[in-house]
**Student:** 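Submitted below is the structure of interest, expressed as structure tokens.
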Protein chains: 2
Amino acid sequence: MAQATGPSRPQPATLGDVARLAGVSIATASKALNGRSQVRAETRERVIEAAERLSFRPNQLARSLLAGRTGTVGLLTSDLEGRFSIPILMGAEDAFGAGEVAVFLCDARGDAIRERHHVRALLSRRVDGLIVVGSRTDPRPSLGRDLPVPVVYAYAPSEDPSDLSIVPDSVGAGRIAVEHLLACGRTRIAHITGDPGYCAARERAEGALAALAEAGLEPVGEPRFGSWSEGWGRTATAMLLDRRHEVDAVLCGSDQIARGVMDVLRERGHRVPEDVAVMGFDNWKILTSAARPPLTSVDMNLEEVGRAAAQAVFAALAGSPRSGIEQQGGRVIIRGSTAPLS
Amino acid sequence: MAQATGPSRPQPATLGDVARLAGVSIATASKALNGRSQVRAETRERVIEAAERLSFRPNQLARSLLAGRTGTVGLLTSDLEGRFSIPILMGAEDAFGAGEVAVFLCDARGDAIRERHHVRALLSRRVDGLIVVGSRTDPRPSLGRDLPVPVVYAYAPSEDPSDLSIVPDSVGAGRIAVEHLLACGRTRIAHITGDPGYCAARERAEGALAALAEAGLEPVGEPRFGSWSEGWGRTATAMLLDRRHEVDAVLCGSDQIARGVMDVLRERGHRVPEDVAVMGFDNWKILTSAARPPLTSVDMNLEEVGRAAAQAVFAALAGSPRSGIEQQGGRVIIRGSTAPLS
DNA sequence: AGCGTTCCAGAAAACCTTTTCGGCCCTTTT
DNA sequence: AAAAGGGCCGAAAAGGTTTTCTGGAACGCT
């Protein structure tokens with residue numbers, strides 16, 4: 001009879017059960033199932049059949065305990081709801097999940113205390129490695145050098161240069177954005193971007209200005225820093241137009257800003273892309289594809305960042321740790337909001 | 001000397017190391033650290049100090065192996081990029097992370113094969129429970145009844161009623177949305193919503209119509225099903241206005257649709273909320289807060305769904321499994337797009 | 001002094017799997 | 001016929017922790 005405490009969940013079969021059913025020793029059963037050679041074909045057959053009858057799955061805990069490796073990795077994010085953590089997390093999950101590695105997900109919510117707590121918990125679960133995912137590209141404190149497992153920082157680099165960090169190339173992203181606009185024949189380019197407290201805003205502007213300078217051009221007005229919002233995009237655009245600046249392209253620091261910019265441009269009778277080309281950063285599809293017209297944007301390849309971080313953990317485990325900051329390039333996704341000047 | 005294979009990662013200290021340093025047996029060390037009683041205070045002191053000196057963290061693998069419980073739970077999502085998985089996942093991570101439970105994250109990408117693979121992998125890691133997170137509210141196939149651990153389905157219910165599913169209350173959400181509009185004095189309410197292939201669209205419409213009927217009202221025209229996009233919101237609104245329907249509120253099936261609706265209303269000279277109130281569903285802040293005016297929306301309380309799912313796993317582990325479909329109510333977040341008729 | 005108690009420490013088993021090594025039996029070679 | 005070799009199986013250790021049980025020492029009591 002089932003106890004009142006609920007349905008009796010059957011204990012999973014152990015290797016001992018399989019061995020007993022097959023009439024062999026535990027050692028032989030193990031070798032048979034793992035393809036070891038010292039087993040007669042007929043015996044192996046019998047063991048495998050027994051294992052299937054019991055739907056035996058080897059206990060990874062025991063295996064890990066013995067091997068000293070768990071095949072698990074901790075993914076420590078600072079804010080799950082964050083726009084940028086998710087794709088990175090997906091890339092990492094992808095790279096690991098394909099193999100035999102499982103991922104522990106922890107959200108520290110930007111709290112250093114909680115972060116330390118999670119690190120300790122993960123270490124006591126004997127993860128083989130750690131990926132620390134930031135929510136913005138500004139450097140963050142290192143977890144320290146003396147951890148017993150390799151650590152890779154993704155998106156937000158560690159302040160300690162002896163750690164390994166994988167980050168998107170914001171300067172390069174600003175550069176390729178401008179190069180795309182130049183290729184469209186645009187020469188009077190304004191830059192409206194987000195919070196100047198963000199590295200990403202400053203570096204994208206830096207790359208954009210550099211690319212303009214190399215083409216012998218100047219931006220229309222100084223880059224306008226503000227906030228990462230549609231509202232700021234609208235405000236800044238209104239200011240820009242009120243100054244009667246001649247503009248044939250607006251490079252926006254984010255897709256949200258670009259949406260605001262496009263709205264005001266349209267309302268004031270400027271055609272996009274015929275009169276003014278607009279592009280954003282991040283390629284946030286919910287924003288880009290619903291824009292009128294769909295928005296050209298620089299995709300920062302965050303999945304790649306996550307994947308690269310995962311591979312870096314593998315590399316470190318295989319004995320080739322790296323250090324420093326490695327950058328992942330972005331790419332321009334061309335949609336209707338940019339087109340060659342006719 | 002360090003080997004050429006990389007930095008020699010120090011092996012974490014074991015209980016044996018602690019015991020040796022403290023000059024006691026392993027058993028005594030264990031009892032001292034776990035607050036067991038049969039240890040002299042002075043001995044306990046010595047052990048604790050030794051543990052700290054070695055920064056000893058007990059190996060959870062060994063502990064789990066012995067206890068038969070791992071303190072881990074598998075979180076199986078079908079699409080990480082999905083809009084809805086994330087908050088649920090956050091809620092679950094939150095509820096678990098607060099205790100001593102760690103979460104394995106797996107993304108099956110909507111592929112049943114991959115899902116089975118992940119389930120097997122998780123079971124061989126001896127997770128204590130499983131949460132299956134769907135990406136839409138339509139029922140999905142069960143993982144089966146004979147799993148050795150409790151399973152809770154979140155967002156997307158299981159087709160098998162003997163499983164436990166935690167889902168948002170879409171009918172109720174439609175109802176409270178209409179009730180809010182009625183409270184604002186609106187009586188001529190149109191409903192523009194998304195893909196009719198989605199349960200969520202149909203049920204929200206059902207709830208909305210029911211609430212209208214209870215107030216003795218009819219909707220303005222039939223509910224307009226289409227797609228979950230701004231573009232559809234724009235198209236449907238244009239159609240609605242072209243028919244010269246008198247409308248003082250538009251209830252939209254999603255925030256995206258609402259954004260499109262508001263854009264067209266504004267462009268055609270209708271004031272929001274003075275002439276027409278607009279509200280959406282999902283409370284996707286990136287869309288609602290940037291709208292002009294900010295958009296009133298029904299928050300489906302997805303974090304709550306995730307949290308409830310986590311608690312249901314706990315309950316099942318504690319011996320009180322439940323089954324059936326449990327609904328979580330939503331709540332109206334009032335912003336500028338709805339206001340009493342003046 | 002002898003006995004029973006109480007307190008504290010340690011030995012050993014258990015959890016489950018993998019791997020090494022020893023041994024048995026059968027075959028082949030000298 | 002004896003020795004050598006090869007194929008196959010099982011005993012045992014290892015991994016780190018918790019828990020139970022045994023036992024020694026100190027102490028109080030008769």
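So you know, we letter chains A, B, ... as the sequences are listed, proteins then strands, and number each from 1.
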**Student:** Can you check the Asn59(A) CG to dG15(D) P distance for me, whole Å?
**Tutor:** 18 Å
**Student:** In degrees rounded to 10°, what angle is found between the helical axes fit to the five outermost pairs at each end of the helix from dA1(C)-dT30(D) to dT30(C)-dA1(D)?
**Tutor:** 70°
**Student:** Starting at CG of Leu61(A) and ending at C1' of dT17(D), how long is that distance when rounded to a whole Å?
**Tutor:** 13 Å
**Student:** What's the closest nucleotide to the side chain of Arg40(B) if the choices are dC9(D), dT17(D), dC8(C)?
**Tutor:**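 Looking only at side-chain atoms, Arg40(B) lies closest to dC8(C).
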**Student:** Rounding to an integer number of Å, can you tell me how far Phe56(A) CZ sits from dT17(C) C1'?
**Tutor:**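 That distance rounds to 8 Å.
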**Student:** Report the relative orientation of the aromatic rings in Phe104(A) and Phe104(B); use parallel for angles under 30°, tilted for 30 to 60°, perpendicular for over 60°.
**Tutor:**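 Ring orientation, 0 to 90° scale: parallel.
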**Student:** Does the pair Arg307(B)/Glu304(B) count as a salt bridge with the N-to-O cut at 4.0 Å?
**Tutor:**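 Yes, this pair counts.
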**Student:** Check the angle between the aromatic planes of Tyr155(B) and Phe84(B) and answer parallel, tilted or perpendicular using the 30° and 60° thresholds.
**Tutor:** parallel
**Student:** Expressed as a whole number of angstroms, how long is the span from Leu54(A):CG to dT17(C):P?
**Tutor:** 12 Å
**Student:** I need the CG-P distance between Leu66(B) and dG15(D), as an integer number of Å.
**Tutor:**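 In whole Å, dG15(D) P lies 17 Å from Leu66(B) CG.
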**Student:** Quick one: Gln60(B) CD to dG16(D) C1', roughly how many Å, whole number?
**Tutor:** 11 Å
**Student:** State whether the side chain of Asp128(A) and the backbone N or O of Thr70(A) hold a donor-acceptor pair below 3.5 Å, judged by distance alone.
**Tutor:** yes
**Student:** Does any residue of residues 19-39 of chain B have a heavy atom under 4.0 Å from DNA chain C, and if so, which ones, in number order?
**Tutor:**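 The stretch gives Val24(B), Ser25(B), Ala27(B), Thr28(B), Lys31(B), Gln38(B), Val39(B) as the residues lying under 4.0 Å from the strand, ordered by number.
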**Student:** Is Glu45(A) atom CD crowded by more than 12 heavy atoms from other residues, nucleotides or ligands, each under 6.0 Å away?
**Tutor:**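 No.
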**Student:** Below 4.0 angstrom, N of the basic side chain to O of the carboxylate: do Arg109(B) and Asp111(B) qualify?
**Tutor:** no
**Student:** Would you say dC9(D) has OP1 or OP2 under 4.0 Å from some side-chain N or O of Thr43(A)?
**Tutor:** yes
**Student:** Whole angstrom is fine here: how far is it from CG in Leu15(B) over to P in dA14(C)?
**Tutor:** 20 Å
**Student:** Please give, in whole Å, the distance from dT19(C) P to Leu65(A) CG?
**Tutor:** 14 Å
**Student:** Does Glu93(A) reach the main-chain N or O of Asp107(B) with its side chain, forming a donor-acceptor pair under 3.5 Å?
**Tutor:** yes
